Structure formats: C-alpha cells, structure tokens
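The block underneath contains the structure these notes are about, expressed in structure tokens.
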Number of protein chains: 2
Amino acid sequence: MGTTQLESVQEPKYWHLKTVLSEALDSDFAVGEILPNERELAARFGVARATLRQALEQLELEGRLQRRRGVGTTVAPPRVGVAVSTAQHDWTGGADEAWQPIGCTTATAPAPVLAMLDVESDEPVHIVRRIRVTQGQPVAAELLYVPSASVPELSAIESSPSAARARSVVRELHRLGLDGQDRSVELGSARADDAKELDRLPGAPVLVVTTRYLAAGGTAAVSVATYRADTCRLTFGDSGDLEISHPGQERHAS
Amino acid sequence: MGTTQLESVQEPKYWHLKTVLSEALDSDFAVGEILPNERELAARFGVARATLRQALEQLELEGRLQRRRGVGTTVAPPRVGVAVSTAQHDWTGGADEAWQPIGCTTATAPAPVLAMLDVESDEPVHIVRRIRVTQGQPVAAELLYVPSASVPELSAIESSPSAARARSVVRELHRLGLDGQDRSVELGSARADDAKELDRLPGAPVLVVTTRYLAAGGTAAVSVATYRADTCRLTFGDSGDLEISHPGQERHAS
DNA sequence: TAGTGGTCTAGACCACCGT
DNA sequence: CGGTGGTCTAGACCACTAA
C-alpha cells in the first residue's frame, strides 16, 4: 500500500548517476567550470571508477561535458548550430565560418563513394581535404571526391603544392552550377585522421554527412564530412529556399 | 632503417580489435549471422571481456552489429535510409512507411520546446505521441507539441480516447498549410520511454531531429523525433523540391 | 613531476531470452 | 533451466598536460 516505488531500484547505477550529475550541472555549475576528478567523484558517490565513467561518457555524448586527457572534465557550452545546406560550397576561404582547404591527393575512391560517382572503379579522382571552422573551433573534417571530368581545366598544374591544388579544384568546381544535392546523415566514429583534425580521440562519435552534388545531369562530386557529434547541432533550412536565419543560437539548461 | 613502423603499437587493443573484427565481418560473415558469444570471443583474442566489449560497442555504434540481451550478437543489415523532409507530415496512417499516432496528452512543454513555440510558459499544449515504422521495424519515436491555437476546432472532444485524439490533432494540423520548416539534427541518448518504443535499452544512441513547423507567420507546432542511430541513415532531399528518390537503398560491405 | 583522463584486467552478479 | 549480453568492482598501468 504505502510502498512508493520500492521495486524500481532496477535502474542501473550509472543511469541514476547520470541523472544526478545532470541535475547538478544545471544548478551548481557554470559553463567551463572544471569538475572534481574521476577518482574523487567515484569515491564521493560510492561507486567504482568504471561506473562513474559510464555516466560521464553518456553526458559527454549528450554534449553536456567535455573531457580532455591530462587536463580534466569541464562543463561544455551548449551545442553550436552549424548550417548544413544552401551552398556553403560557394565559399572558398577566409570568412569566419567556412571550409578551409588543407590538401589534395589523387587516388581511387572507396567503394561506397564510387557507387555514387559516375566513374570507373579504377579511375582515380581528386580527393580534397577540408576543415570547417566555426568560432575558432574545428567542427568538421571533410573529404571531397571530385572526378577529373568535373574539373577539366585542371590538367597541367599537377605539381603545385597540395593546399594550392585543393583550392584550385574547389574553384574549378564552382564553375559548374549546382542542380541540387542529395544529403544523408548518420552516426559514425571518427577515423584516426579525422580525429586528429577535430582534436578528438579516434573513435569519438561523429555525425557523418554525405552529400552528392548534382550538375549537368550527373554527379559532379561527393562530399563525406564528419562533424563532431559532441559539440555540433546540424541545422537545415527547408523554408522554401529563403534566407536561412540563425535559429537556436542561444539555448540554456533550464 | 629496416624498421617498418615498429613504434606504432601505441594503438589501443580495442581499436585494433575493432579493425580486425570489422574485416572479418566483411569477409567471413553474412547479414543476420550470429557471432560467438563475448566470453568466447574474448578468450579467442586473448583479451578481457571488457576490452572485447569496447570493440563491439564501437561496431554497434557504426551499425555493423546488433546485440540483444539473452540472445546474442548478430551481424546487422546495412542502415535503412529514412527520408526526413518533404512533408511526411501529410500522411496520417496506413501506408507502409508512416507515422502511427499512439496517444495524446495535454501538458506544458519543456523549456527548450517552449522557446520555439509562441505560447506562454504555463499554457498547456497538446502533446501527440507518434511512432514511425519502416519495413516493419520501429525507427523513430516522436513527441509533437501542438499549441491549442493551432487546432482551434478541437475544443469539445476532450474526453475521447487518447489514440483517437492524437489522430484528431494531426488531422486538424493538416488544415494549416505549411509555410516551411526549420530542422536540426543532433546526437542524443534515448530516454526510458523512447527506448521502450524503439526496442532498445535506455541510453542507446539516437539522432534527435527537432522540427519547427511554420504556418501563418508563426510556429504551428514543434516535433522532437528520436531516430535509432544504429539502424537509421537520415536522408534529405534538397534537389529543388523535386520528387525524392530512394537513393542508397542497396549498399553492401566491400 | 604530479595529476588527469584513457586503457586493461579478472573476476562477480544480474536481467533477459529461449527451450 | 542454461546461455546470452548488461552491470559493477577494485585494482593496475599508460599517455598526456601543465606547472
């Protein structure tokens, strides 16, 4: 009769811990503040460190915490909204929020990408490496696969430096007007090279945005961009191709 | 001199394990096949079970494996592409791929949702619960927040059954033509109730799609949909509002 | 060098599923 | 019931950062 939910102790410890910590973050901590270290937190809650870590991992996954080896655990700022639509493809460099070409190689594309490109399996394509920086922080690393056919004017300058050739490829790509673009988003884990660019450890959760750029009835290029899942909120502006506003830039815990 | 990368053994065991397993999955296993259990796999690779589990978790995160308590670990099929755009909002029920209204309550919206709605903090809104099913599998659970002002014709029938009222709200919502929709995607972990609908454990990784439906110059409704991150690939059709095709329905390991 | 988070171990018990 | 994955423990050592 009087038993108010005495049976529901089936809840795992780490899950309960996560809830408690989450509420503490809302009320007792400011953004950027550093938490006590894991060993102390574990002792304070009377659990093993592995259990405490399971809770912290969840909170980091949700973008509430940020952990750095050798430093500590800090309260993360709200996720930054990054626009993923309306031809950011048109900006090459410089601006405060833009893609920065890093380098360019020529090789055959991996199978999943090949399936989206209109090229032969053994035909090498340009692979441009770009980094997206927002508010001083790297948020995404991209591989842009561009068939030679899409940038016919690029034959002679093969021996130019990698970063310069990257810019050339992107510039040439601009000359093709885009007819549209297919896009998909899925969860992934950062490869070693992506992790390095994103200042994360390998295996960190990322949002993989695959974009197929359509031009002249075919696939002009394919982009595979990996966004930091802990710090990013991808925004899409479907409002009738109007100017995209910056919707939820400010959002706080409540 | 002749040392070819002898120093790079800094790679964590679980990371190397993941790579080895991933390649084994590509070559030696078919979709749906069950793997040896964790204790045996750990023994076979000469690592602790916790380490083996770390590798399996990564592979599950990437949608390569599916694990079910009491059953075992199976090879997952390729992720299913689910369209997240172009008014699926217009289908109420029945079709093979659609939202199924489950129930409806009336309460005040949580703070983040409130910030997107044009209502007072204490004003209750309709909260419609819907499930999205694709190919017989539940892929998403949604909470649709609808201010009373958006569905003015709905006053009298308060006492109808929950599922019926859910359908009514959605039907009424259709009468407003949509002017557009803002959408964002971020990583989250499944709440207990969502996890139940999605046939997953609480905390499972999900893609949270937040949509703001615009009508008559204001926000007509806000949808918060949580998609299973392990089985779903969200697709967006930006190709000039054309008919959306079903792009990567077939993709295999290579 | 001291302190942090990241990795790893070798166990134990529990919740769940099918038989 | 036996077997599976899920949770939890109490340690140990390592890689990294900053003072």
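Bear in mind that the values here come from a model prediction, so they are computed numbers and not experimental data.
- The base of dG5(D) sits with one of its N or O atoms less than 3.5 Å from a complementary donor or acceptor on the side chain of Arg39(B).
- Taking atom CG on Leu41(A) and atom C1' on dG3(C), their separation rounds to 15 Å, with Å as the unit.
- As a whole-Å value, the separation of Gln58(B) CD from dC8(C) P is 12 Å.
- Taking only side-chain atoms of Lys13(B), from C-beta outward, the nucleotide of dC8(C), dC8(D), dG6(C) with the closest atom is dC8(C).
- Both Gly46(A) and Leu35(B) lie near DNA chain D, and the one whose nearest nucleotide falls closer to the 5' end is Leu35(B).
- Mapping Ala50(A) and Arg69(B) onto DNA chain D via the closest heavy atom, the residue that lands nearer the 5' end is Arg69(B).
- For dC16(C), neither phosphate oxygen OP1 nor OP2 lies less than 4.0 angstrom from any side-chain nitrogen or oxygen of Arg68(B).
- Of all the heavy atoms in Val222(B) and Met116(B), the pair that sits closest is CG2-CB, 3.9 Å.
- For the pair Leu65(B) CG and dG6(D) P, the interatomic distance rounds to 11 Å; values are reported in whole Å.
- Distance Arg200(A) CZ to dG5(C) P: 13 Å, rounded to the nearest Å.
- Using a cutoff of 4.0 Å between basic side-chain nitrogens and carboxylate oxygens, Glu40(A) and Arg44(A) are scored as salt-bridged.
- Between Glu142(B) and Trp99(B) there is a side-chain heavy-atom pair separated by less than 4.5 Å.
- A close approach under 4.0 Å does occur between a side-chain nitrogen or oxygen of Asn37(A) and OP1 or OP2 of dT4(C).
- Atom CD of Gln66(B) and atom P of dG6(D) are 11 Å apart (whole Å).
- With Asp230(A) as the partner, the salt bridge (charged side-chain N to carboxylate O under 4.0 Å, His left out) test is satisfied by one option alone out of Arg79(A), Arg200(A), Arg67(A), Arg68(A): Arg200(A).
- The CD-C1' distance, from Glu40(B) to dT4(D), rounds to 13 Å in whole Å.
- For Tyr14(A), no side-chain nitrogen or oxygen approaches OP1 or OP2 of dC8(D) to under 4.0 Å.
- Protein atom CZ of Phe45(B) is 17 Å distant from nucleotide atom C1' of dC8(C), rounded to whole Å.
- Between Glu11(A) atom CD and dC8(D) atom P the separation is 10 Å, expressed in whole Å.
- The phosphate of dT9(C) (OP1 or OP2) has a side-chain N or O of Thr51(B) nearer than 4.0 angstrom.
- Of the inter-residue distances, the one linking Thr73(B) atom OG1 with Arg53(B) atom CZ reads 8.5 Å to the nearest 0.5 angstrom.
- Note on Arg49(B): a base of the nucleic acid sits closer than 4.0 angstrom, heavy atoms only.
- Nucleic acid contact class of Leu201(B) (heavy atoms, under 4.0 Å, all strands): sugar-phosphate only.
- Between dG6(D) and Arg53(B), a contact under 4.0 Å exists linking OP1 or OP2 to a side-chain N or O.
- Candidate nucleotides dG5(C), dA10(C), dT7(C) were compared by shortest atom distance to the side chain of Pro12(B), and dT7(C) ranks first.
- In this structure, Thr73(B) does not reach the dT4(D) phosphate: none of its side-chain N or O atoms is under 4.0 Å from OP1 or OP2.
- Side chain of Thr74(B) to main chain of Gly32(B): no donor-acceptor pair is present (N/O by atom type, distance under 3.5 Å, no hydrogens or angles).
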